[in-house]
Structure formats: structure tokens, C-alpha cells
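Here is the structure we will look at.
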Amino acid sequence: MQLEILTPEKKVYSGDVYGVQMPGISGSFEILDKHAPMIAALQEGKLKILKDRNNSSSYFQIQSGFVEVLNNKVTVLIEGARSL
């Protein structure tokens, strides 16, 4: 699935991923390939990108924002992010 992480200043990440774990306002959740369409609010915390099934991953510390899942594309719109 395609993942894009965007802030008002720049595109932080773009690429094909296996899944992504993020801090929702009601708790952490995970989105995997072919997830149902959804929109959710995010709180400040750690976002984990699962690059493949072999546990290859990267992390970002994010500020609050939103995530949209549609047609196997995940778009994360956040106030700010930094790589960990």
C-alpha cells in the first residue's frame, strides 16, 4: 500500500509499505494492506512504518493531525514530524 506523511511545510515520507502504526486519540492502531476506508484523528506520539513483513521499520515522532485511508493509500496530515 502507498503511504504519504505530509506537514504544512513538506512531504516527510512517501513510499510503498506493508503497514503503519500510529497514535490515535483513543489509542494506538495499525493499518495494513487493503484496509477499509476511514478517517481518524491523531495525537502526538510515535508513528511506526512497517516497510515489509521482515520487521524492517522506521519511526517518526509526530504532532497531532489526521489520517485518511482510501483505495489502499494512507495519507497522514500532521502539524510536524521528526525522524527517530
Side-chain angles (χ1 to χ4, degrees):
M1 86 182 155
Q2 180 70 26
L3 171 66
E4 280 195 337
I5 302 174
L6 308 169
T7 68
E9 293 82 33
K10 64 180 179 176
K11 184 183 295 188
V12 176
Y13 183 92
S14 181
D16 288 328
V17 299
Y18 172 68
V20 60
Q21 296 173 353
M22 55 192 76
I25 58 171
S26 298
S28 295
F29 62 96
E30 182 174 67
I31 297 171
L32 297 174
D33 195 33
K34 297 186 177 43
H35 195 284
M38 69 174 266
I39 294 177
L42 301 174
Q43 66 179 355
E44 185 175 334
K46 190 187 295 185
L47 181 143
K48 179 179 181 181
I49 299 171
L50 307 167
K51 294 184 177 180
D52 57 41
R53 292 177 186 242
N54 298 325
N55 295 328
S56 175
S57 57
S58 42
Y59 298 87
F60 288 91
Q61 182 68 32
I62 65 166
Q63 295 176 5
S64 61
F66 294 90
V67 60
E68 176 191 51
V69 181
L70 187 62
N71 298 326
N72 216 33
K73 180 177 180 182
V74 179
T75 305
V76 180
L77 306 169
I78 49 178
E79 290 296 319
R82 65 179 172 88
S83 182
L84 297 176

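As the structure is a computational prediction, the values presented were derived from the model and not from experiment.
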(message) Looking at N54, is its backbone amide N or carbonyl O close enough to the side chain of D52 to form a donor-acceptor pair, meaning the two atoms are under 3.5 Å apart?
(response) yes
(request) May I ask you to test the F29-V67 pair for a side-chain heavy-atom distance under 4.5 Å? (result) yes
(request) Could you check I31, T75, V76 and say which one makes a side-chain contact (heavy atoms from CB on, under 4.5 Å) with V69? (result) I31
(message) How long is the straight-line distance from CD1 of I62 back to CZ of R82, given to the nearest 0.5 Å?
(response) 12.0 Å
(message) Does any part of the side chain of D33, heavy atoms only, come nearer than 4.5 Å to the side chain of Y18, both counted from C-beta?
(response) no
(request) Could you tell me whether N71 atom CG has more than 12 heavy atoms of other residues or ligands within 6.0 Å of it? (result) no
(message) Counting C-beta onward and ignoring hydrogens, is there a side-chain heavy-atom pair between P23 and E44 closer than 4.5 Å?
(response) no
(message) For G15 versus Q2, what's the shortest heavy-atom pair and its separation?
(response) N-NE2, 3.4 Å
(message) Please tell me whether V17 and M38 are part of a single hydrophobic cluster in this structure, the criterion being side-chain heavy atoms less than 4.5 Å apart.
(response) yes
(message) Does any part of the side chain of L42, heavy atoms only, come nearer than 4.5 Å to the side chain of S64, both counted from C-beta?
(response) no
(message) Tell me the closest heavy-atom pair linking I78 and P8, and the distance in Å.
(response) O-CD, 3.3 Å
(request) Can you see which heavy atom on E79 is nearest to which on E9, and at what distance? (result) O-OE1, 4.1 Å
(message) Just by distance, no angles: are the side chains of E30 and Q21 close enough, under 3.5 Å, to form a donor-acceptor pair?
(response) yes
(message) Can you tell me how far apart CD1 (I49) and OG (S58) are? Round to the nearest 0.5 Å.
(response) 4.0 Å
(request) Quick one: closest heavy-atom pair of K34 and N72, and the distance? (result) N-OD1, 2.6 Å
(message) I want to check something: taking the side chain as every heavy atom from C-beta on, are F60 and V12 in contact at a cut-off of under 4.5 Å?
(response) yes
(message) Working to the nearest 0.5 angstrom, can you tell me the gap between M22 CE and Q43 CD?
(response) 12.5 Å
(message) Quick check on the hydrophobic clustering: are F66 and L6 connected, directly or via other members, by side-chain heavy-atom contacts under 4.5 Å?
(response) no
(message) I'd like to know whether L47 forms a side-chain contact (heavy atoms from CB on, under 4.5 Å) with I5, so could you lay out the CA-CA distance, the side-chain angles of the two residues, the decisive distance to 0.1 Å, and finally the verdict.
(response) CA-CA 10 Å; L47 181 143; I5 302 174; 3.8 Å; yes
(request) Please lay out, stage by stage, how M1 and K73 fare under the test side-chain contact (heavy atoms from CB on, under 4.5 Å). (result) CA-CA 6 Å; M1 86 182 155; K73 180 177 180 182; over 6 Å; no
(message) Tell me whether the NZ or CZ atom of K46 lies within the 45° cone about the ring axis of Y59 and under 6.0 Å from its centre.
(response) yes
(message) Could you go through Y13 and L3, starting from their C-alpha distance and side-chain angles, then the distance that decides it, and tell me whether this counts as side-chain contact (heavy atoms from CB on, under 4.5 Å)?
(response) CA-CA 7 Å; Y13 183 92; L3 171 66; 3.8 Å; yes
